Amino acid sequence: MVERNTRYRIRRQLHAFRALGWLADRYSRWAIIGAAAIVWSFATAASGLAVSLASLFIARIIVGIGEGGFGPAAPPIVLDLFPKSRSTMLAIFFVAVPTGSAFGYILGGLINVHMGWRSAFYIVSLPGLLLGFLCFFRKDPRHQTATGESREKFSLADYLKTLVVLMKRPSYGFNVAAQTAMAFALGGLAYWISAYFQFRHQPPSATAIFGAITAVAGLTSTFAGGFLADRLRARIRGSDLLVPGIGMLLGFPLLAAMLYTPFPYAWILLFGALFFIFFNTAPANTAVASVSLSSVRAMAFGLNIFVMHALGDAIAPPLLGLIAGHSNMNAAFLAISAMMLVSGVLWLIGARYLPADIATVEAAEQSDLASGRA
């Protein structure tokens, strides 16, 4: 089951990286989001029609492909619309994910009880179709900004050259590496937490409590991280990587201490660790945009998404299972804590390079604008 989950996630992120990121840089990002939402909606409805495990699995793969369209295309739109409050607006954007998931659990459970599980898939596909259709009537903000590139004049050779330059920027590389370590920690934590509660002899209700504190920690921390990074940016240009770096350095000892703290006091430490894990969501993604030219911004997000999932949360469950099998669950969770430390250190190193990389990108954008390319 772990191997199947790994293949599924890598396949989904490969699609986002290889195709959708490039398409979102070349064509209307709203159109990409609209098409992705429609694909997601039809695949979701098809899940309700599944007559076997194989057909359900295929439908869910296509659902993942639809989801993959949002990662590269949606954040750049938010950043183009709100250039002066990027982290705060991205925080609001990313909060929609856990909020929607929470409502999904509630709504899905109610529909399942009263109408059956198939109806849940049918019903949730309808808003997606409507919203996907409406996306085609939205104008890409790149056409409304001074730095929006002319896609007709931007050749494939120029695109690839710009992408190579992006990957050589130190802050981008350290940011991607840090997010990968963070994804390993968070993905492993989410996957093995139920087994860990059993290891600690906690009742089945512990998983529900974990879900509740994760939701609260995720919502409050995502807002707090974005708000703090925006407020510090005027004084510290590397704040978008400094904030998540400090957050991880504060969070990793809390998780380690939780392993040796009796319940219910361990819940306090676990909440703190989760709070600081989610602290990075808005500022780290803002940093991705800040060091990438608008012409390759969607691919910058797509590459980041691919690496952090393929080398992070996709491989975390089997590797942590290996550690737990040779030792115990505490050893596996100490490895998670260690990855949080690695993530924090990488972000702090990247923060040193971020101001210079931002200045380079801003100068390049101004040069393109002056020469009539942007």
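All values below were derived from every heavy atom in this structure, side-chain atoms included, with hydrogens, water molecules and symmetry-related copies excluded. All values derive from a computational prediction rather than experimental measurement.
Looking only at side-chain heavy atoms (C-beta outward), Leu232 and Leu242 stay at 4.5 Å or farther from each other. You'll find the side chain of Met182 reaches within 4.5 Å of the side chain of Met308, heavy atoms only. Contact check for Val216 versus Phe271: side-chain heavy atoms found under the 4.5 Å cut-off. The shortest side-chain heavy-atom distance between Met339 and Met248 does not fall under the 4.5 Å cut-off. Under the 4.5 Å side-chain criterion, counting only non-hydrogen atoms from C-beta, Leu319 is in contact with Phe184. Between Leu270 and Leu254, every side-chain heavy-atom pair lies at or beyond the 4.5 Å cut-off. Side chains of Ile92 and Phe223 form a contact here, defined as non-hydrogen atoms less than 4.5 Å apart. Counting only heavy atoms from C-beta outward, the side chains of Trp267 and Ile213 approach each other to under 4.5 Å.
With rounding to the nearest 0.5 angstrom, the CD1 atom of Ile33 is 14.5 Å from the CH2 atom of Trp40. Considering CD1 of Ile277 and CG of Leu186, their distance stands at 5.5 Å, rounded to 0.5 Å. Rounding to the nearest 0.5 Å gives a distance of 10.0 Å between CG of Leu274 and OG1 of Thr220. Rounded to the nearest 0.5 Å, atoms OG1 (Thr214) and CD1 (Ile193) are 8.0 Å apart. Annotation: the span from Gln179 atom CD to Leu311 atom CG amounts to 13.0 Å, rounded to 0.5 Å. Interatomic distance, Thr207 OG1 to Gln202 CD, rounded to the nearest 0.5 Å: 10.0 Å.
Ile236 and Leu354 fall within a single hydrophobic cluster, where Ile, Leu, Val, Met, Phe, Trp and Tyr side chains are chained together by heavy-atom contacts under 4.5 Å. Note on Phe197 and Tyr260: same hydrophobic cluster, where clusters join Ile, Leu, Val, Met, Phe, Trp and Tyr whose side-chain heavy atoms are under 4.5 Å apart, directly or indirectly. Each of Ile38 and Ile58 belongs to its own hydrophobic cluster when Ile, Leu, Val, Met, Phe, Trp and Tyr are linked at side-chain heavy-atom distances under 4.5 angstrom. Both Leu320 and Val342 are part of a single hydrophobic cluster, where members link through side-chain heavy atoms under 4.5 Å apart. Hydrophobic cluster membership differs between Phe133 and Ile123, with clusters built from Ile, Leu, Val, Met, Phe, Trp and Tyr side chains linked at under 4.5 angstrom.
When each of Asn285, Leu241, Ile358 is paired with Ser290, the side-chain contact (heavy atoms from CB on, under 4.5 Å) condition holds for Ile358 and for no other. Of the candidates Leu189, Ile336, Asn328, Leu259, Leu259 is the only one forming a side-chain contact (heavy atoms from CB on, under 4.5 Å) with Tyr196.
Considering all non-hydrogen atoms of both residues, Ala351 and Gly238 come closest at CB-O, 3.7 Å. Phe42 approaches Leu129 most closely through the heavy-atom pair CE1-CD2, 3.7 Å. Closest approach of Phe333 to Leu255, counting heavy atoms only: O-CD2, 4.1 Å. Gly321 and Trp192 get closest at one heavy-atom pair: CA-CZ2, 3.5 Å. Taking every heavy atom of both residues into account, Ala59 and Ala43 meet most closely at O-CB, 3.7 Å. Among all heavy-atom pairs drawn from Ala335 and Ile323, the shortest one is CB-CD1, 3.9 Å.
Ser292 places a side-chain N or O within donor-acceptor distance of the main-chain N or O of Ala289, the cut-off being under 3.5 Å. A donor-acceptor pair under 3.5 Å is formed between the side chain of Ser119 and the backbone N or O of Met115. A distance-only check finds a donor-acceptor pair linking the side chain of Ser239 to the backbone of Ala229 [under 3.5 Å]. The closest donor-acceptor contact from the side chain of Trp30 to the backbone of Phe137 lies at 3.5 Å or more, if one exists at all. With hydrogens and angles disregarded, a donor-acceptor distance shorter than 3.5 Å links the side chain of Ser343 to the backbone of Ala178. In this structure, Ser337 contributes its side chain and Phe252 its backbone to a donor-acceptor pair below 3.5 Å. No donor-acceptor pair closer than 3.5 Å links the side chain of Arg352 to the backbone N or O of Ser171. Between the Thr360 side chain and the Ala356 main chain, a donor and an acceptor come within less than 3.5 Å of each other. The backbone N or O of Val291 lies less than 3.5 Å from a partner atom in the side chain of Arg169, making a donor-acceptor pair. For Tyr172 (side chain) and Ala300 (main-chain N/O), a donor-acceptor pair under 3.5 Å exists by modelled atom type.
The aromatic rings of Trp117 and Phe121 sit perpendicular to each other, their planes meeting at more than 60°, with 30° as the lower class boundary.
Within 6.0 Å of CZ in Phe227 there are 12 or fewer heavy atoms belonging to other residues, nucleotides or ligands. Within a 6.0 Å sphere centred on OH of Tyr265, heavy atoms belonging to other residues, nucleotides or ligands number 12 at most.
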Problem set entry | Residue pair Phe275, Phe279: steps toward the ring pair (Phe, Tyr, Trp, His ring centres under 6.0 Å) verdict | CA-CA 6 Å; Phe275 180 89; Phe279 217 54; 5.6 Å; yes
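If you check the side chains of Trp347 and Asn175, you find a donor sitting under 3.5 Å from an acceptor. Side-chain contact annotation: Tyr122 with Arg118, donor-acceptor N/O pair under 3.5 Å absent. Ser47 and Arg60 are linked by a side-chain donor-acceptor pair at a separation below 3.5 angstrom, with hydrogens and angles left out of the test. A donor-acceptor contact closer than 3.5 angstrom links the side chains of Ser52 and Ser55.
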